[in-house]
Amino acid sequence: MKYFDYRFFVVAAALALAGCGDAPTATDSQADKVEWPTIASPVKADPATDQKVASLLAKMSVEEKVGQIMQVEIQHISPEEVKTYHIGSVLNGGGSLPNRNKYAAPGEWLAMADAFYDASMDTSDGGLAIPIIWGSDAVHGHNNVIGATLFPHNIGLGAANNPELLRQIGAVTALEMRVTGIDWTFAPTLAVAQDDRWGRAYESYSENPEIVQAYGRAMVEGVQGVPGTPDFLDVDHVVSTAKHFIADGGTEGGDDQGDAKIPEQELLDIHAAGYKGALAAGVQTAMASFSSWNGQKLHGSKYLLTDVLKGQMGFEGFIVGDWNGHGQVPGCTNESCASAINAGLDMFMAIEEWRDLYKNTLDQVHSGEISMARLDDAVSRILRVKIRAGLFEKGRPSDRGVAGQDGIIGQPEHRAVARQAVRESLVLLKNNGGLLPLNPSATVLVAGDGADNIGKQSGGWTITWQGTGNVNSDFPGATSIFDGIRDAVAEVGGTAVLSVDGSYDTKPDVAVVVFGEEPYAEGQGDIDTVEFEPGNKKSLALLKQLKADGIPVVSVFLSGRPLWVNPELNASDAFVAAWLPGSEGEGVADVLVADAEGNPRHDFKGRLSFSWPANPLQGKLNLHDEGYAPLFPFGHGLTYADTDTVVGMLPEDVVGVAAASGGDLDLFVGRPMSPWRLFVASDQSSQVISGYYAQVPGGTMTAELVDKDIQADAVKVNWLSDGNGAFFMGDAPAMDLSDHAEAGAALRFDLRVDSFDATDASLSVRCGEACTRSLDIDEFLRASTGKGWATVAVPLACLSEDAADFETLLEPFRFGVTGKASMAFANIGVVKATETVDWCDPGAGSVPAN
Ligand code: BGC
Ligand code: BGC
């Protein structure tokens, strides 16, 4: 692969986009000032708008202005408070749903949107009527809403490399949002991910700035409509966000929220590409990145937010913060951060601490720490966007356009666009013997834990933030990959049989194995190397088992990034990178299954938008690298027309391969590990913890995500009554841990006991419908109260000395309490004991966690 000069085309493209004569001069020396291109906004300045902004501003009190620059998470504010504090915006975080109801119908969203709007327009206390704007992460369709059309995640769209399709996806997403009364999406993500270990690599279209630039423009035009046409921000479109400014995808080691230690020229050449596209499309908002550039947090970077983005690049929309991102600026807290506003942030994204933040910001304006001019500028920018979005004229959310027409959510025309995107995103990496397309009359065994698993095929940011805790029935109208294969094969006279574990009665002609990464979002998805299933090659075992029976194997690999899979490639005759296709699983069969004559119904169109690694240490592997040596280069992808589709045996003994883990088993690490789900339960009923917050019916127990090492990697459980309550993992096929028990393994978890006023507590496993083995732990909990995090290891032998008791575990972790208590849990797993333990006192096994 030859060296590719990004700088050349980026400059050329910027010139073309800006349509202006003053060429940005790219300089080679870092000491020279980098000149950022000015991207002329296609949204024409409008004197009437400016006048309206000025006249509103003149009438606003300081309190109203400070309220206007606050965005608050919906779980933490009521409409009444929106009115009292004149709040400018609300958001719902991933998995944060109206009334904390996972199954909230579109009408519930809409009613909430109306309630917030009404509050913002209520002038009974003498305030001004300024319509509120609601932002939501519709990052692959309107993904917080049950039944919505879910598109492939961005990495798959990048492989499709079809900007026109992106435009359609943007428009569909906007329309589905409109049904629920939401005005603003926090999308697209314009990260140009350079290190695939990053947990958000799948939110990036490509490692190549060229694709991100074209897509940034197309997606924003799809979401907002094209400026200068009647579509622009009409009732069918919503406001778009270019995020996360800047170099979120350039952090060292692919560390989420980390530091991009790169020269400014690289910021411009690689990471600014998407912003050039988005600004050229007239994007109205940008989100500051959690990450830093050379040690400085973006939320506090006046240079990048004000001088570069608003100044040199000419962005005239407003900059919103990211989830308490201001609190990470040195000298700031979630409750106070004048320096972020002074750096150029126009709107705080605030969570539970917003009241203090409001009060402190107000004080800072009064004291002059934040100048009135800066506040007025922030407010003007927000008002301008609200006016352009027509919020002052469109009436209540439920009165706008398609609002309330629930049938539009997930309607067939929308699913057809998503299905096309699935087809076009598939990348064929191996097709030995022309195994694909599948012969129409074949008997096809469809195996693997991703075969009939819509949650897994949809990845993170799917109903819940992490995308975990979902089951197929949570996706009405969607199809799994198996559904599609079954229907396509049946249509042409063959048969497809689902068998997740690969067992069969009649030997099939071919097996399609669907496997890959478990869903994750943000830092929870950060990994150390790009090896797939390091230390525990479960999927490989399944492939080998089928191969050993002489069955040709087609692998359909679900992942949020390219991963090192040489062993899995070797064990497959054909291999398809399917990324995270979303709700239209049948798009896979469109390409994999032949027509009645045996001809392909659709050819492969996807080409790698990320380079594929040749060893686990190639997390940072990009086209422009010196010594670029991928397994499959950027742009690679086979088609049915190719004659040379054979991939020979690949080396498996390469640098960086993890040693076999010896059977350590993660149950909850930042998110529940599949197939487990987390629950809180009273004696009467239980509730899955599938997102941000869960509550047992009747309110006797609640659970919410809290931070331990990274954001939201722990679960805090509150026992609120004098009765019994349990926190447990379950709802999965029985698991055999008898070998672990024999080998002396321990149940390990991090625990923080915040309060304990209970009479009883036990740690137990459920070893069958009527089998429980437990250990009393109330004394230990009492003694641990208020002492912070500790790591607890309880040998399985302390629960039962009979290893056979662990043969059919239904619940590997159950924490039962009688009475009131509040505790947080993290990093739950079963680990091989490193030393022999002959005690059964969890206290003795505990060591302080970091
Ligand atoms: C993410 C953003 C997202 C925001 C609101 C943050 O944690 O980084 O991408 O828009 O939360 O959910
Ligand atoms: C996500 C939210 C999520 C929250 C949980 C944020 O980073 O963006 O959507 O609900 O973390 O703490």
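All figures in this text were calculated on a predicted structure; none of them were measured in a lab. Note that ligands are numbered from 1 as they come in the structure, with each ligand's atoms numbered from 1 the same way.
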Contacting atoms of ligand 1, where contact means under 4.0 angstrom from a heavy atom of Phe186: 10 (O)

Roughly how far, to the nearest 0.5 Å, is the CG atom of Leu580 from the OG atom of Ser458? 8.0 Å

Does Glu203 have a heavy atom less than 4.0 Å from any atom of ligand 1? no

Taking only non-hydrogen atoms of Trp323 and a 4.0 Å limit, the atoms of ligand 1 in range are 6 (C), 7 (O), 11 (O)

Residues Glu522 and Arg200 bridged, charged N to O under 4.0 Å: yes

Is Lys302 atom NZ crowded by more than 12 heavy atoms from other residues, nucleotides or ligands, each under 6.0 Å away? no

Crowded around Asn99 CG? As in, over 12 foreign heavy atoms under 6.0 Å? yes

Thr185 backbone acceptor or donor facing Thr241 side chain under 3.5 Å: yes

Between Glu517 and Arg561, does at least one N-O distance fall below 4.0 Å, as a salt bridge requires? yes

Identify, by atom number and element, the atoms of ligand 1 in contact range of Gly93, meaning under 4.0 Å from any of its heavy atoms. 12 (O)

Would you please classify the geometry between the His140 ring and the His153 ring as parallel, tilted or perpendicular, with 30° and 60° separating the classes? parallel

Judged on heavy-atom distance to atom 11 (O) of ligand 1, which of Asp322, Thr189, Asn144 sits nearest? Asp322

Just jot down the ligand 1 atoms closer than 4.0 angstrom to any heavy atom of Phe290, in number order. 6 (C), 7 (O), 8 (O)

Any N or O of His244 that comes nearer than 3.5 Å to an N or O of ligand 1? yes

Which atoms from ligand 1 have a heavy atom of Leu91 less than 4.0 Å away? 5 (C)

Note: Thr241, heavy atoms under 4.0 Å from ligand 1, region reported as neither

Report yes if some N/O of Asn92 lies less than 3.5 Å from some N/O of ligand 1; otherwise report no. no

Taking the minimum heavy-atom distance to atom 3 (C) of ligand 1, which of Val320, Thr185, Asp137 ranks first? Asp137

For Lys261 and Glu252, what are the C-alpha separation, side-chain angles and deciding distance, and is it a salt bridge (charged side-chain N to carboxylate O under 4.0 Å, His left out)? CA-CA 7 Å; Lys261 297 180 183 163; Glu252 193 154 272; 3.2 Å; yes

Considering the heavy atoms of Lys243, write down every atom of ligand 1 situated less than 4.0 Å from one of them. 2 (C), 3 (C), 9 (O), 10 (O)

